[in-house]
Amino acid sequence: MSAHSTAIGVSSKRGIWGGGNEPLKASYGKLMMWFFLLSDIFTFAAFLITYLSIRVSYPAYAGPAGDFVGSNEYWPVPELVFDAIPFVHGVHAPLVFVGIMTFILISSSVTMVLAVEAGHRNDRNDVVKWLLWTILGGATFLGCQAWEWNHFIHGTDSGSALTYINSLNNLVSEVVHGANLNVNEYGPASFAQLFFFITGFHGFHVTIGVFLLFLCFYQAAVGIYDGRGHYEMVEKIGLYWHFVDLVWVFVFTLFYLI
């Protein structure tokens, strides 16, 4: 057998990579996760830039906060829209509940870091413990977001008197309660459309993340990663979870603070 054919045989066994140093000392799996996250960054960036473009096309409300009512003429004031908290009716608590949601999600990033660190030590018990806390944090955030959507959809008791064009292309004047994709009591229709789309898209990512975390939690608990000799999967899912948390920081800033 010639040296050339031997080299081809060895190369085919090694695969396309053919040996050598891994780029940035990262495994194939982590590189693919980074590529996926990079593509997702472009997607979220496009959505948020679209939101900003539409947001700046409307004037801001300039009157006293106590006189604010929804109107198609100006963009809503976030702290006057997202001011409710569960089980407490009629209390004005600007952004308190959203702040709690954000704290829960950011805290889950901390527990994810601890799970990855435990994986580096091959400490199965700590990996399982911190993954469980991360799952609870993600699930709690989703529950909070579901309540917020429900409140946003049903709206306030008083509603807002708006004039808008309905789905039949007729001009309608009525008191609107809550929000849907055609009209909302808080302001322009695009406000609710973007809210549902962007926070829903992020919530979808969180849901996928919770599922992956549970899968990782189960595999760690039954000793699959001990059999492999490493906990790299925990680190790869951790990259995804940190990305989801980071994106929420931008969503929170643009939707609730600006």
Side-chain angles (χ1 to χ4, degrees), residues 24-41 43-44 47-48 82 85-86 95-150 198-256:
L24 303 178
K25 298 183 179 180
S27 67
Y28 174 81
K30 283 193 282 188
L31 281 176
M32 292 303 101
M33 177 59 78
W34 277 113
F35 286 143
F36 166 74
L37 295 180
L38 182 61
S39 67
D40 230 15
I41 287 172
T43 304
F44 272 106
F47 293 158
L48 294 176
F82 306 103
I85 54 178
L95 303 183
V96 169
F97 185 61
V98 179
I100 293 172
M101 289 172 53
T102 303
F103 175 78
I104 291 171
L105 192 62
I106 297 303
S107 296
S108 72
S109 256
V110 176
T111 57
M112 190 71 240
V113 168
L114 294 173
V116 171
E117 188 275 333
H120 290 161
R121 294 186 282 106
N122 290 324
D123 188 335
R124 182 170 69 176
N125 290 334
D126 271 4
V127 168
V128 170
K129 176 180 70 176
W130 294 120
L131 282 178
L132 180 59
W133 277 110
T134 307
I135 292 169
L136 291 174
T140 302
F141 175 85
L142 288 174
C144 292
Q145 191 171 54
W147 184 90
E148 184 189 35
W149 268 45
N150 181 70
I198 294 179
T199 61
F201 190 61
H202 177 267
F204 172 73
H205 278 71
V206 176
T207 303
I208 296 298
V210 170
F211 172 77
L212 293 174
L213 285 168
F214 181 79
L215 181 63
C216 190
F217 165 80
Y218 171 77
Q219 291 181 334
V222 299
I224 291 178
Y225 300 142
D226 285 336
R228 295 178 183 175
H230 60 80
Y231 283 77
E232 184 178 296
M233 183 60 70
V234 178
E235 188 172 356
K236 287 187 286 189
I237 296 176
L239 290 173
Y240 176 85
W241 193 252
H242 294 319
F243 168 77
V244 168
D245 290 0
L246 180 61
V247 167
W248 177 253
V249 172
F250 288 95
V251 173
F252 174 79
T253 301
L254 295 182
F255 264 104
Y256 300 100

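- The side-chain heavy atoms of F252 and M101, taken from C-beta on, include no pair separated by under 4.5 Å.
- A distance of 14.0 Å separates CD1 in I100 from CG in L105, rounded to the nearest 0.5 Å.
- Between F243 and I41 the shortest side-chain heavy-atom distance falls below 4.5 Å.
- Checked against side-chain contact (heavy atoms from CB on, under 4.5 Å), I224 has the following partners two or more places apart in sequence or in another chain: Q219, V222, R228.
- For the ring-ring contact (aromatic ring centres under 6.0 Å, His included) condition, the pairs that include at least one residue of residues 210-230, sequence neighbours left out, are Y225-Y231.
- Counting only heavy atoms from C-beta outward, the side chains of D126 and L114 never approach each other to under 4.5 Å.
- Residue pairs meeting the salt bridge (charged side-chain N to carboxylate O under 4.0 Å, His left out) criterion with at least one partner in residues 205-220, sequence neighbours excluded, do not occur; the list is empty.
- With contacts defined as side-chain heavy-atom distances shorter than 4.5 Å, the pair I208/Y240 qualifies.
- One distance of note links CD of E235 with NZ of K30; it measures 4.0 Å at 0.5 Å rounding.
- Heavy atoms only, all atoms of each residue included: Y256 and L95 are closest at O-CD1, 3.4 Å.
- Rounded to the nearest 0.5 Å, atoms CD1 (I106) and CG (L246) are 8.0 Å apart.
- Taking E148 as the reference, nothing meets the salt bridge (charged side-chain N to carboxylate O under 4.0 Å, His left out) condition, with sequence neighbours excluded.
- In this structure T140 satisfies the side-chain contact (heavy atoms from CB on, under 4.5 Å) test together with I104, C144, sequence neighbours excluded.
- Within the structure, side chain to side chain donor-acceptor pair (under 3.5 Å) contacts touching residues 109-118 (residues at least two apart or in different chains) are S109-H242, S109-D245, T111-T134, E117-R121.
- Nearest heavy atom pair, residue V116 against residue V234, reads CG2-O, 3.9 Å.
- If you take CE on M33 and CZ on F36, they are separated by 7.0 Å, rounding to the nearest 0.5 Å.
- Taking the six-membered ring for Trp and the full ring otherwise, the centers of F250 and F44 sit at least 6.0 Å from each other.
- Nearest heavy-atom pair across S108 and G137 is CB-CA, 4.3 Å.
- A distance of 10.5 Å separates NZ in K236 from CG in L31, rounded to the nearest 0.5 Å.
- Across all their heavy atoms, G203 and L142 have their closest contact at O-CD2, 3.7 Å.
- Shown here are the ring-ring contact (aromatic ring centres under 6.0 Å, His included) partners of F97, two or more places apart in sequence or in another chain: W147.
- Contacts classified as side chain to side chain donor-acceptor pair (under 3.5 Å) and involving residues 198-210 (residues at least two apart or in different chains) are given here: D40-H205, W149-T199.
- Proximity of V110 to W130: side-chain heavy atoms (C-beta onward) are nowhere separated by under 4.5 Å.
- Residues I237 and C216 come closest through the heavy atom pair CD1-CB, 3.6 Å.
- Using a 4.5 Å heavy-atom threshold, the side chains of F82 and V96 count as separate.
- The distance from the CE atom of M112 to the CD1 atom of I135 is 9.0 Å, given to the nearest 0.5 Å.
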